[in-house]
Each structure stands twice: as C-alpha cells, then as structure tokens.
Amino acid sequence: MSGRRPLISGNWKMNLTHLDAINLVQKLSYSLADATRRVDVSVHPPFTALRSVQTILDVDDVPIALGAQNVHWQAGGAYTGEISPAMLAKLNVRYVIVGHSERRQLFGETDEDVNKKVKAVLAAGMVPILCVGETLGEREEGRTAEKVLGQLRAGLSGLDSAAIAGMVVAYEPIWAIGTGRTATPDDAQAVCAAVRRAIAADAGEAAAASVRIQYGGSVKAGNIAELMSGSDIDGALVGGASLDPEEFTAIVSYR
Ligand code: PEP
C-alpha cells in the first residue's frame, strides 16, 4: 500500500446546463456516500454550473470536492471570456484540471501556458491536475516517454518539491480519451511509474512518494479495478462515464 489516498475525478467537459448539473450532483451525493469514505472524489462541471454545484456540496457538507476544467493564469483584467484562479478559489474549487489534451489540441495551449496555469492554481491555494499524454502516432513511434515526460517537466518547471508533492498528475493517452480504447493496465502502470521516477529524479523521493498520479482514458466500471491495481496509479480522471451517475458510482466504488 502506497499510503496515497485515491482520487477519482469526473470531468463533465462541455456538458450539462446548471439544472442538469444540480440533478447529477444530487444523485451522486447519495450514491457516493459510502465510497467517499475510502476514495477522494472530485467533480468538474462547466464554469456555468460551478456555483450551483458548490451550493449543494457546501450546504449538505457532501464529501465530494469541487473541481474546474480550466483557468487563466492572470489575476484579472482585459481577458475576455477567461476565468481567474481567485474566481475559482472563492467558489471553494479545490482541484483544477490543467493542460487537458483537448485544451492543448483544440485551443492551442502550449507547455508554457500550462506551466503558468499550474503556478497560478497553486498560488491561489488550489490543487492542479496536470494532464500529460501521447498521441497514437507518438506511441507507435516509441516516443511515449519522451512526450509524457517532456510535458511533465515543462508543466512542473520552476516548482519546488513541496508544491509538487501536493499535486496531481493525470496520465491520459490521447488515443484512449473518449474512444472506448483503454491502455492495458500494464502499459498504464509503466507510464505512471516513469512519471513518478522522473519526479523523484527532479524533485526528490519525498515529492515522488506523495504526488498522486491518475490514469485517464475510457475508464469504466468494468476496467477501473484492474487499472487501480497498478502500484503507481492513484486514481482516475473520468470523462464520458462521469456523466452517468450509476456508472460513475460503480467506478468510485471499485473496492
Ligand atoms: C477525459 O476527458 O479526461 C477522459 C479521460 O475522457 P474519457 O473518460 O471519456 O475517455
């Protein structure tokens, strides 16, 4: 046993109005009551639903953490359409997904942007979930480690060991996101172990022992237990399946 508490995060992406989001989180607040004694859970609604979901979680003291899907690194100003770290922190957002492959691929986020976001999230007292992952082409060319560890090192650049120790890294092979294809448990474990070794080399053994590493990519109730058996896999970042309350409950209740 690693001693790291598992973290399973539901990324709702650009789905659900605030009314749909209220409906989903109300269901989860009942169905996850037992499992959240053993596993940390976060839900990441779209920005428009954060306040509604926060109210439900806070009023009933529900042990599900609130998360966001993105943030801007600036504190405020003329950045039309963006959301600052302080705006999220004020809503009791605890986890912020940073550098999701959809942000990198569809919206042109660079490693440098991702690093600025990681720093801004930490400075606002929240926990970044730094996403890294290779394309199918990169995997087939044998460049998985180069890509993943390159993104990791760029994302963590300039951070001290204590900051890294409290973070979450999500290894998400891009070819497994939303495709129904999942990395084999051995492949997922091998990359997560490489991530931890790189953190040990750069930031020390203590940071490596404490950082939580999630796997993401078509996680379902039927594959979560096997994935979680990897000694360096501390949780999951779940997209599509997190929109289905029964499926997400089964995922979180994997043990
Ligand atoms: C994700 O959005 O991070 C993700 C892993 O999606 P899915 O579970 O749908 O593959």
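In listed order, ligands and their atoms are each counted from 1.
Interatomic distance, CG of Leu19 versus OG of Ser52, reported as 7.5 Å (0.5 Å rounding).
Electrostatic pairing of Arg104 and Asp111 counts as a salt bridge here, judged by a charged N lying under 4.0 Å from a carboxylate O. A salt bridge links Asp40 and Arg212; the closest N-O separation between the charged side-chain nitrogens and carboxylate oxygens is under 4.0 Å. Electrostatic pairing of Arg196 and Asp234 counts as a salt bridge here, judged by a charged N lying under 4.0 Å from a carboxylate O.
Donor-acceptor pairing under 3.5 Å is lacking for the side chains of Asn115 and Ser157. Between Ser101 and Glu172, the side chains place no donor N or O within less than 3.5 Å of an acceptor N or O (distance only, hydrogens not considered).
Considering backbone and side-chain N/O of His100, one or more are found under 3.5 Å from N/O of ligand 1.
For ligand 1, the atoms lying closer than 4.0 Å to a non-hydrogen atom of Gly217 are 5 (C), 10 (O). Counting the atoms of ligand 1 from 1 in the order shown, those under 4.0 Å from a heavy atom of Gly178 are 7 (P), 9 (O), 10 (O). The distance from ligand 1 to the heavy atoms of Gly240 drops below 4.0 Å at these ligand atoms: 7 (P), 8 (O), 9 (O).
The main-chain N or O of Val93 is never found under 3.5 Å from a side-chain atom of Gln54 such that the two would form a donor-acceptor pair.
Nearest protein heavy-atom contact of atom 5 (C) of ligand 1 is Glu172 OE2, 3.0 Å. Atom 8 (O) of ligand 1 has its closest protein heavy atom at Gly239 N, 2.8 Å.
Of all the heavy atoms of Asn11, the ones lying under 4.0 Å from any atom of ligand 1 belong exclusively to the side chain.
Ligand 1 has no atom lying under 4.0 Å from any heavy atom of Ala241. Put simply, part of Ala176 is less than 4.0 Å from ligand 1, judged by heavy atoms.
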